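First comes the structure, then the notes that go with it.
Read the numbers this way: they start at 1 and go in the same order the structure lists the ligands and their atoms. The model shown is predicted, which means the values in this text are computed figures rather than measured ones.
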Amino acid sequence: MRVAVLSNYESQAVEQKAQLLGTQCQQILDEIAASGYMHGNSSDQVDKLIDQMASLYSGRVILVNSNFRIIKDTYDIDVDKVIISEEVLLTFLGTNSTNYDEENQFLEMTIPTADSETGETDGIMIISVPTLDIANGKAGISRTVFQMQSILVILILGVAFYVSRILTRPFGKITQSLEDVAGVNDEEISIPDYTETQLLAEAYNRMLKRMKAQEDSRQEFVSNVSHELKTPITSMKVLADSLLAQDDVPVELYKEFMTDIAEEIDRENKIITDLLSLVKMDKRSSDVHIEETNINQLIELVLKRLRPIGATRNIELVLESFKPVLAEVDETKLTLAISNLVENGIKYNKEGGWVHVSLNVDNKYFYIKVEDSGIGIPEDSQEHIFERFYRVDKSHSREIGGTGLGLAITRSAVLMHHGAIKVYSREGEGTTFTVRIPLKYVP
Ligand code: ADP
């Protein structure tokens with residue numbers, strides 16, 4: 001940049017100086033022509049003007065006549081000498097020349113003089129003037145430009161440093177928070193600075209929230225599991241201890257207590273089986289076995305298996321299927337899901353009640369409806385029944401062998417098939433579960 005500025009300045013300054021010299025010379029040229037100086041006439045006026053010009057510019061003025069002889073030299077050293085140079089010859093042929101010698105810093109101009117009568121070139125005036133002023137100006141400008149450049153560089157560096165600090169600060173916060181997540185601190189971050197980092201922070205906070213929720217739910221699940229698994233064991237311990245505490249226990253009491261202990265063992269077993277089913281449902285796709293399955297047959301089988309249980313309380317199980325349905329499903333998981341719904345229909349029913357299952361299909365989904373004539377679910381409990389270990393009436397549910405995991409398993413199975421499940425219920429009247437599952441499985 002500095003080189004460009006300087007060469008621009010220099011060429012302009014030289015041009016200006018040459019123009020100025022040119023106009024000032026014109027007066028002398030007129031005087032030379034009028035006086036016939038080139039033809040041997042002496043003229044004080046011409047001498048005076050030339051001397052003035054030379055001293056004004058601290059330069060040198062030479063006049064050469066048509067014989068290439070120097071007739072005037074303000075330095076008085078080359079008078080009467082012959083000068084033949086390229087510039088001189090060219091000037092005689094009518095071409096003015098202006099030469100700037102940058103290295104030695106002077107400007108030389110050769111200008112033709114014209115005969116006052118014929119108008120033809122009859123001599124040449126050579127003016128050479130030092131151009132120290134241009135050099136000085138150039139040095140001054142060079143200094144200024146250098147200073148400006150230095151200030152600009154410092155300014156740019158300063159701004160870059162400041163901006164980079166502001167821009168990287170939010171990332172520092174995010175990094176810090178990410179490190180904290182690995183430890184104990186799980187505070188949300190707040191970054192009000194820029195859209196990009198703000199969006200990043202928001203996404204991060206959402207992730208943190210989800211992680212926290214997952215962690216809370218995991219902890220709750222673990223404590224529920226421990227509690228549920230401990231309950232039967234506590235009962236067994238109490239039963240066994242009370243037998244041991246007495247001497248001569250009658251055989252009938254032993255039998256009664258042992259029956260109770262066996263029931264508790266069954267219960268423990270059921271909880272563990274349900275827990276394992278639930279864990280399997282939660283596992284990712286590696287454990288999924290999708291096959292084209294006849295859904296009518298699948299439901300028939302479920303009902304066939306459960307009919308004897310229903311029969312113990314005179315509960316009738318009926319299937320109503322409108323069309324044959326073939327769908328891509330995981331047979332084991334879907335069987336478990338439907339079994340749980342029908343089992344609940346029986347468990348939470350009245351003596352002599354019914355459970356109706358219906359199957360329907362359109363071009364995208366198949367629909368299973370499980371309707372019962374049972375006790376119903378209170379409205380405020382309906383949103384919780386799919387939660388793990390949730391039971392509306394703990395004692396009642398326990399009495400009839402519920403673990404509170406059945407609907408959680410069903411829901412996981414349905415979601416695994418990218419389906420949906422809904423419940424409609426009225427206390428004392430009955431409950432209806434509807435399940436919708438796509439015919440084609442999408443991994
Ligand atoms: P459980 O093993 O206790 O049956 P579920 O997860 O299958 O657990 O069901 C959760 C709770 O929802 C049950 O304890 C019961 O209170 C209620 N429930 C589920 N299905 C029905 C139904 N068909 N009728 C009435 N209540 C039901």
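Looking at Asp274 against ligand 1, nothing comes within 4.0 Å, counting heavy atoms. When heavy-atom distances to ligand 1 are checked against a 4.0 Å cut-off, Thr431 comes that close only through its side chain, counted from C-beta outward.
Set against the non-hydrogen atoms of Arg391, the atoms of ligand 1 under 4.0 Å away are 3 (O), 14 (O). Atoms of ligand 1 lying under 4.0 Å from at least one heavy atom of Thr403, given by number and element, are 1 (P), 2 (O), 3 (O). The Lys347 neighbourhood of ligand 1 comprises atoms 1 (P), 2 (O), 4 (O), with distances under 4.0 Å to a heavy atom of that residue.
In this structure, Gly374 does not count as a contact residue of ligand 1, since none of its heavy atoms falls inside 4.0 Å of the ligand. Contact annotation: Ile377 has at least one heavy atom less than 4.0 Å from an atom of ligand 1. Ligand 1 is never approached by Glu343 to a heavy-atom distance shorter than 4.0 Å.
A search for side chain to side chain contact (heavy atoms under 4.5 Å, CB included) contacts involving Glu387 returns His384, Tyr390, not counting sequence neighbours. Scanning for side-chain hydrogen bond (donor to acceptor under 3.5 Å, both in side chains) contacts around Lys209 gives an empty result, with sequence neighbours left out.
With hydrogens and angles disregarded, a donor-acceptor distance shorter than 3.5 Å links the side chain of Thr131 to the backbone of Gln105. Checking side-chain atoms of Asn269 against main-chain N and O of Ile265 turns up no donor-acceptor pair under 3.5 Å. Side-chain atoms of Thr293 do not come within 3.5 Å of backbone N or O of Ile295 as any donor-acceptor pair.
Some N or O of Tyr348 is nearer than 3.5 Å to an N or O of ligand 1, by distance alone. Residue contacts with ligand 1: Val392 is placed with a nitrogen or oxygen under 3.5 Å of a nitrogen or oxygen of the ligand (distance criterion only). Checked against a 3.5 angstrom limit, the closest N/O atoms of Asn344 and ligand 1 fall inside it. Taking distance alone, with nitrogen or oxygen atoms compared against 3.5 Å, Leu407 approaches ligand 1 more closely than that limit. Any N or O atom pair closer than 3.5 Å counts here, and Gly404 shares at least one such pair with ligand 1.
A salt bridge does not link Lys270 to Asp266: none of the charged nitrogens lies less than 4.0 Å from a carboxylate oxygen. Salt-bridge check for Arg388 with Glu228: failed, with every basic side-chain N at 4.0 Å or more from each acidic carboxylate O. Between Lys212 and Glu215, none of the side-chain N atoms (NZ, or NE/NH1/NH2) sits under 4.0 Å from a carboxylate O, so this pair counts as no salt bridge.
For atom 10 (C) of ligand 1, the nearest non-hydrogen atom from the set Tyr390, Phe389, Phe386 belongs to Tyr390.
Results of the side chain to side chain contact (heavy atoms under 4.5 Å, CB included) test with Leu317 over Ile309, Val342, Val302, Val357 single out Val342 as the only residue that passes.
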